[in-house]
Amino acid sequence: MMGKIVWVLLVVLLFVQAVLAIDGVSVDRLNIWPMPHSVSHGRESLFLSKDFELNTEGTKYNDGSGILKDGFSRLLEMLRVAHVADGNFSKIDTSLLLQGLHVVVLSADDQLQYGIDESYKLSVPASGKPGYAYLEAHTVYGALHGFQTFSQLCLFNFTTRVIEVPMVPWTVIDQPRFSFRGLLIDTSRHYLPLPVIKNVIDSMAYAKLNVLHWHIVDTQSFPLEIPSYPKLWDGAYSVSERYTFADAAEIVSYAQRRGINVLGEIDVPGHARSWGIGYPSLWPSKDCPEPLDVSNEFTFKVIDGILSDFSKIFKFKFVHLGGDEVNTSCWTLTPHVKKWLTKHHMNESQAYQYFVLRAQNIALSHGYEIVNWEETFNNFGNKLSRKTVVHNWLGGGVAEKVVAAGLRCIVSNQDKWYLDHLDTTWQQFYMNEPLTDITNPNQQKLVLGGEVCMWGEHIDGSDIEQTIWPRAAAAAERLWTPYDNLAKDPRQVTGRLAHFRCLLNQRGVAAAPLGGPGRVAPEEPGSCYTQ
Ligand SMILES: *[C@@H]1O[C@H](CO)[C@@H](O)[C@H](O)[C@H]1NC(C)=O
Ligand SMILES: *[C@@H]1O[C@H](CO)[C@@H](O)[C@H](O)[C@H]1NC(C)=O
Ligand SMILES: *[C@@H]1O[C@H](CO)[C@@H](O)[C@H](O)[C@H]1NC(C)=O
Ligand SMILES: *[C@@H]1O[C@H](CO)[C@@H](O)[C@H](O)[C@H]1NC(C)=O
């Protein structure tokens, strides 16, 4: 009897799964990436009128900074970039013409901060009711996401030679699953010129990523101007491979106007050899230059100066203080540091903790909450400030421990979400689930999201785009789309991701083909949609 029930249940389960799979395929044809929270559509078509316009009647948001207006201009550029829309509008029935997009932003506040409301609702009417599509959002940044989705509903019609919105009427209701959806860039291993960074920011917005983690400096070079300590950027590779303070402010503002926060990082006490080019006393000694000299008060004065300068331009709630891969040998090998350790009754691991906690306190004094790489948690998690977000990278299973300890976490496990690992496929990026083995809802809330990491050892302006895309997009859907709408098998989304990859190419982003591991060249002649 029991066996029979189990058998019936199995058949029912298989049937349900088959129906879901069919649903998955039909959802797949929608070609929106990342997949929204909910979507419905019809079967008719409308065309964008020649003077497709932004209408903001009834909106509380006055757009004094022009964020909405600029976002709309970029929407028009995105729509028009691929083809010259030279169709004859008088040949199109006026009842099929969409006059514009009516946008209502409910909040007057356009401060971009962690955790703001990014939701939006978008509707495009059926034909016969010409007029406006309607987009409503709490914040202007939700509206920008709505623009991205709208741009993906449109396509160029080669018969009428104007932009068409097929499958109207549309209703899209959307909001992100995670509030922290990041991409790391590394400007220490290779300098990235401003236009390269700006292109990366533009492409992040297409995939609704919202945090640019800027790993600015490291052992190899210190490209950023720090007004408080003007010799720090003596550690740049060359005079020209540097960012002025104004350059950094420009990056932050460029990103912010696209709804993207910039998370600045100084990685201490390891990963900091370049600091001592300008200020050699930051090194334990010339022959043993890393980690930064824990025994020298000047080290902490410099960190304070940097974070004080940071707080003038990096307005994100968080600053990243690194703290990973600290090899403390130079502290015990250098006589004056060793003497200091003895005097303060510290062994080297206690000194590592002392350093990280002191740097945390400096960051807190400048109004920041802190992100630290996971080694800090693994070594002295219970000593970290409760305002710490632990950044996982070494492997899986860490988020689970962090949230169980009541701290927040972002996930970047290197086996799945490191873009410089070229052998990691988009399918692995897609299937990496930040809430693996975390079932308690209160603990789930402590996982802020995740980040894909584009470490710069083998990447510069010549190959960064194709190393980031399309794999970062796979992670972007994981971070944006409700869990129940995510494909359980990446094969269900291959076509839709290929479509997004081709869309990136059409917009001038050098996204690589899907076939094979990261950054592959197209294998043979063929359509973009099948690569
Ligand atoms: C556009 O179409 C209208 C109506 O068919 C026609 O009268 C007009 O000459 C066309 N204009 C151009 C520039 O082809
Ligand atoms: C383009 O527009 C024409 C005229 O409205 C329509 O018949 C056709 O189906 C459209 N083409 C596509 C590919 O949607
Ligand atoms: C740690 O640093 C010391 C001194 O620079 C070096 O000799 C040693 O190889 C390093 N250890 C590791 C594991 O990298
Ligand atoms: C440092 O001291 C602490 C506290 O006595 C001890 O638990 C730890 O094992 C020591 N670490 C090393 C590397 O000696």
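Read the numbers this way: they start at 1 and go in the same order the structure lists the ligands and their atoms.
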| said: Is it the case that the side chains of Glu53 and Tyr132 hold a donor-acceptor pair, with the cut-off being a distance below 3.5 Å and no angle test? | reply: yes

| request: Provide the number and element of each atom of ligand 3 under 4.0 Å from a heavy atom of Ser329. | output: 1 (C), 2 (O), 3 (C), 4 (C)

| task | Answer yes if the side chains of Glu241 and Ser221 hold a donor-acceptor pair under 3.5 Å, and no otherwise. | result | no

| task | Give yes or no for whether the N/O distance cutoff of 3.5 Å, strictly under, is met between Glu348 and ligand 4. | result | no

| query | Side chains of Asn379 and Glu375: do they bring a donor and an acceptor to under 3.5 Å? | reply | no

| Which atoms of ligand 3 have any heavy atom of Asn327 under 4.0 Å away? | 1 (C), 2 (O), 3 (C), 8 (C), 10 (C), 11 (N), 12 (C), 14 (O)

| task | Answer with yes or no whether the side chains of Ser349 and Asn347 bring together a donor and an acceptor at under 3.5 Å. | result | yes

| Cation-pi geometry met for Arg242 and Trp233 (6.0 Å, 45°) | yes

Just list the N/O pairs, ligand 1 to protein, that are under 3.5 Å apart, with the distance for each.
| unit_1 | atom_1 | unit_2 | atom_2 | d |
| --- | --- | --- | --- | --- |
| ligand 1 | 2 (O) | Asn88 | OD1 | 3.4 |
| ligand 1 | 2 (O) | Asn88 | ND2 | 2.3 |
| ligand 1 | 11 (N) | Asn88 | ND2 | 2.8 |
| ligand 1 | 14 (O) | Asn88 | ND2 | 3.3 |

| Does a donor on one side chain and an acceptor on the other come within less than 3.5 Å for Ser412 and His391? | yes

| task | Report, as yes or no, whether the 6.0 Å neighbourhood of atom CZ on Arg161 holds more than 12 heavy atoms from other residues, nucleotides or ligands. | result | no

